[in-house]
J.: 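Got a structure here, written out as structure tokens. Questions coming.
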Amino acid sequence: MRASDAERDEVVGKLKDEFAVGRLSHDTFMYRMSAVLKSRHKGDLPALVADLPAETPGSAAPAGRAAALAGRLRAAWRRSRPAALGGGVLTLEFPRGTGAVFSIGRHNSCDLVIANMTVSRMHARLERTPDGWLLTDLSSTNGTRVNGWRVRGQIPVRAGDLVSFGDVQYSLTAAAGA
């Protein structure tokens, strides 16, 4: 039987969700997307998602999975609503506590997980020093910028700086109560 557009859309949605949380590599995602779009028969589709975690009736929807990832962050990072004039700028609070090094990237093992395709799996590192905070780009594909300048090496950052990881922008703020 011929695959319907709705059936293809369902598989495409599952592939997008799994790619966003880092379970599929870029090459695998592109290969499978191509296969979905080329599939003629309904029976071709299940094999494209067979190795991915199955959603059970009580499992989280894509937005719920993103919330679960955010809840597992080891550092006290906070996301706020986009600023009215900033056009999508988010607030990023420096981590509280005594941790010294915090990873930033798309991979779910990072301290700050950013589920955006312009962010590398291991994109950047934020380090607490006696003199303040240092930010290092980890050779990311789309770069890290501070106040519009591309990060090369390790640079100091402070509250008020505008930091971009790929296309995602944050305004840094001091930890509340710090």
Side-chain angles (χ1 to χ4, degrees), residues 3-56 59-75 77-79 82 87-90 92 95 101-127 135-146 148-155 157 162-172:
S4 70
D5 288 341
E7 291 164 331
R8 283 192 185 105
D9 287 345
E10 184 178 331
V11 173
V12 165
K14 175 77 171 170
L15 292 173
K16 284 180 182 178
D17 292 343
E18 297 303 309
F19 180 59
V21 296
R23 290 192 188 111
L24 292 176
S25 70
H26 182 263
D27 291 339
T28 301
F29 174 73
M30 295 305 292
Y31 171 80
R32 290 184 186 190
M33 289 295 289
S34 177
V36 168
L37 298 175
K38 291 178 184 176
S39 66
R40 294 184 178 269
H41 302 286
K42 186 176 182 176
D44 298 339
L45 298 176
L48 299 171
V49 293
D51 62 333
L52 300 175
E55 286 193 34
T56 58
S59 70
R65 283 195 295 269
L69 283 174
R72 292 193 329 234
L73 294 178
R74 294 185 300 267
W77 297 90
R78 184 181 65 170
R79 234 179 117 160
V89 176
L90 304 169
L92 181 62
V101 179
F102 302 91
S103 58
I104 302 165
R106 202 176 69 238
H107 194 270
N108 63 3
S109 68
C110 290
D111 296 306
L112 173 62
V113 177
I114 305 173
N116 183 293
M117 293 311 305
T118 63
V119 177
S120 296
R121 288 177 188 233
M122 298 300 284
H123 197 97
R125 180 179 66 238
L126 186 63
E127 182 178 347
L135 182 67
T136 306
D137 182 78
L138 300 176
S139 300
S140 64
T141 301
N142 293 310
T144 301
R145 295 183 181 278
V146 174
W149 294 92
R150 181 97 184 228
V151 173
R152 305 239 188 261
Q154 202 173 52
I155 66 162
V157 290
L162 183 65
V163 179
S164 301
F165 306 104
D167 290 341
V168 182
Q169 291 187 333
Y170 292 95
S171 175
L172 297 176

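Note that these values count all heavy atoms, side chains included, but never hydrogens, waters or copies made by symmetry.
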J.: Taking Ser120's backbone N and O only, do any of them form a donor-acceptor pair with Thr141's side chain (distance below 3.5 Å, no angle check)?
T.: no
J.: Any donor-acceptor pair under 3.5 Å linking the side chain of Arg106 with the backbone of Val119?
T.: yes
J.: In terms of heavy-atom contacts, does CD of Glu10 have more than 12 from other residues, nucleotides or ligands at under 6.0 Å?
T.: no
J.: Which heavy atom of Asn142 sits nearest to which heavy atom of Gly166, and what is that distance?
T.: CB-CA, 3.9 Å
J.: Report yes or no: does Arg145 contribute a side-chain atom to a donor-acceptor pair with the main-chain N or O of Ser164 at less than 3.5 Å?
T.: no
J.: Please assess Leu52 against Leu15 for the test side chain to side chain contact (heavy atoms under 4.5 Å, CB included), listing each intermediate value before the final yes or no.
T.: CA-CA 9 Å; Leu52 300 175; Leu15 292 173; 4.0 Å; yes
J.: As an exercise, state the distance from CD of Glu7 to CG of Asp44, rounded to the nearest 0.5 Å.
T.: 11.0 Å
J.: Should we say atom CZ of Arg40 is surrounded by more than 12 heavy atoms from elsewhere, each under 6.0 Å from it?
T.: no
J.: Please name the pair of heavy atoms, one in Thr144 and one in Ala124, separated by the smallest distance, quoted to 0.1 Å.
T.: OG1-CB, 4.0 Å
J.: Nearest 0.5 Å, please: how far is NZ in Lys14 from CG in Leu45?
T.: 14.0 Å
J.: Take Val163 and Leu92 through the test side chain to side chain contact (heavy atoms under 4.5 Å, CB included) and record every step on the way to the result.
T.: CA-CA 9 Å; Val163 179; Leu92 181 62; 5.9 Å; no
J.: Ignoring hydrogens and angles, state whether a donor on the side chain of Asn116 or Thr118 is under 3.5 Å from an acceptor on the partner side chain.
T.: yes
J.: Within the structure provided, determine whether Arg8 and Asp5 are in side-chain contact (heavy-atom separation under 4.5 Å).
T.: yes
J.: Any side-chain to backbone donor/acceptor pair from Ser103 onto Asp111? Under 3.5 Å, distance only.
T.: yes
J.: For residues Arg121 and Ser25, determine if any side-chain heavy atom of one lies less than 4.5 Å from a side-chain heavy atom of the other.
T.: yes
J.: Find out whether Phe165 and Leu135 are in side-chain contact, i.e. whether some heavy atom of one side chain is under 4.5 Å from a heavy atom of the other.
T.: yes
J.: Without swapping roles, check the side chain of His107 against the backbone of Ser109 for a donor-acceptor pair under 3.5 Å.
T.: yes
J.: Among Gln154, His123, Arg152, exactly one meets side chain to side chain contact (heavy atoms under 4.5 Å, CB included) together with Asp137. Which residue is that?
T.: His123
J.: Find the distance between CG (Asp167) and CE (Met117) and round it off to the nearest 0.5 Å.
T.: 11.5 Å
J.: Between Leu126 and Val157, does the side chain to side chain contact (heavy atoms under 4.5 Å, CB included) criterion hold? Intermediate values first, please.
T.: CA-CA 9 Å; Leu126 186 63; Val157 290; 3.9 Å; yes
J.: If you round to the nearest 0.5 Å, how far is CG of Leu138 from CD1 of Ile104?
T.: 8.5 Å
